[in-house]
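What you see below is based on every heavy atom in this structure, not just the backbone, and it leaves out hydrogens, waters and symmetry mates. Just so it is clear: chains get the letters A, B, ... in the order the sequence lines come, proteins before strands, and each one is counted from 1.
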Amino acid sequence: MSYWLMKSEPVTFGIDALAASPRKTTSWDGVRNFQARNFMRDRMKVGDLAFFYHSNCDEPGIVGVVKIVREGYPDPTAFDRNDAHYDPDSKPDNPRWYMVDVQLQRKFPHTISLTSLKKHADGKLKGLAVLQRGNRLSITPVSAAHWKFILDLA
DNA sequence: GCCAACGTTGGC
DNA sequence: GCCAACGTTGGC
């Protein structure tokens, strides 16, 4: 199995919105970046775990853990011309965008802030994608060693 | 609100 | 295939 980090803006969909969702599950729709799509379509497996990361907010950081409960399948919001993420180049018989379903496993009592993660940028968390300069990718892999270390910070 | 970094688009 | 222009991300 693999580990991941998935970003979401709490204003749009934060961990509390996930906790309030039916079965604490949601489809990770709206991703319009090829690299992130490839991870969801090709690499994520049922049972994989991901950190839920709050971006573009007062205290960016990791706020909990989700589990992949359904593997990549076409993102229907790409077919909906009234949706903000509509993409006319994605067709039902040849979909361009994919998503997975995730279920909330755990909400941390406190945010593991980006600031606190950065303290280990040259140590135990060296190479963690979210710490790389200019990183914008909304879905990134996390190594098993990094995963374990971050969990101990929670 | 600012702006650096980055991905995508499209003209050539 | 190059690269300038543009739009978006996301920390600060």
Side-chain angles (χ1 to χ4, degrees), chain A residues 2-21 26-44 48-66 68 71-102 104-143 145-147 149-154:
Chain A
S2 305
Y3 299 105
W4 307 91
L5 182 144
M6 303 172 84
K7 295 181 190 172
S8 188
E9 300 191 13
V11 167
T12 307
F13 191 84
I15 196 162
D16 291 331
L18 178 57
S21 300
T26 193
S27 50
W28 206 262
D29 61 21
V31 171
R32 297 293 179 266
N33 170 282
F34 290 105
Q35 218 179 331
R37 176 207 67 181
N38 292 348
F39 285 141
M40 291 199 289
R41 188 189 60 185
D42 307 332
R43 302 267 307 277
M44 283 183 163
D48 282 2
L49 297 173
F51 287 128
F52 193 110
Y53 180 93
H54 279 174
S55 65
N56 205 9
C57 57
D58 285 348
E59 191 184 24
I62 294 168
V63 292
V65 173
V66 300
I68 310 307
E71 285 170 22
Y73 62 108
D75 180 348
T77 66
F79 309 138
D80 178 0
R81 65 178 66 243
N82 294 317
D83 192 280
H85 300 288
Y86 174 60
D87 180 358
D89 292 335
S90 185
K91 309 287 187 190
D93 60 352
N94 186 20
R96 170 182 278 197
W97 304 114
Y98 283 72
M99 61 187 188
V100 296
D101 288 356
V102 304
L104 182 63
Q105 297 300 110
R106 185 175 168 194
K107 179 185 171 181
F108 296 143
H110 305 289
T111 300
I112 305 173
S113 68
L114 180 60
T115 305
S116 64
L117 293 171
K118 279 180 175 171
K119 289 172 183 164
H120 307 280
D122 294 322
K124 296 283 192 182
L125 295 180
K126 193 176 178 63
L128 183 68
V130 80
L131 298 180
Q132 304 308 303
R133 181 163 143 276
N135 161 69
R136 287 177 21 185
L137 196 54
S138 64
I139 299 177
T140 50
V142 175
S143 74
H146 286 166
W147 179 271
F149 182 79
I150 292 168
L151 272 190
D152 285 341
L153 298 176

(message) Would the distance check show the side chain of A:D75 and the main-chain N or O of A:G30 forming a donor-acceptor pair, the cut-off being under 3.5 Å?
(response)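 Answer holds: yes.
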(request) Answer yes or no: are there more than 12 heavy-atom neighbours, outside A:D89 itself, under 6.0 Å from its atom CG? (result)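 Yes.
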N or O in side chain of [X] less than 4.0 angstrom from [N] OP1/OP2:
X	N	result
A:R133	B:dA4	no
A:K7	C:dG11	no
A:Y53	C:dG11	yes

(message) Parallel, tilted or perpendicular: which one describes the rings of A:W147 and A:Y3, with boundaries at 30° and 60°?
(response)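 Geometry flag for A:Y3 against A:W147: parallel rings.
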To the nearest angstrom, how far is [X] atom [atom1] from [N] atom [atom2]?
X	N	atom1	atom2	value
A:F34	C:dT9	CZ	P	14 Å
A:N38	B:dT8	CG	P	10 Å
A:E9	C:dG10	CD	P	7 Å
A:N33	C:dG7	CG	P	18 Å
A:Q35	B:dG7	CD	P	7 Å
A:N56	C:dG7	CG	C1'	15 Å

(request) Answer yes or no: is there an ion pair linking A:D87 with A:R96, defined by an N-O contact shorter than 4.0 Å? (result)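 A salt bridge is present here (some side-chain N lies under 4.0 Å from a carboxylate O).
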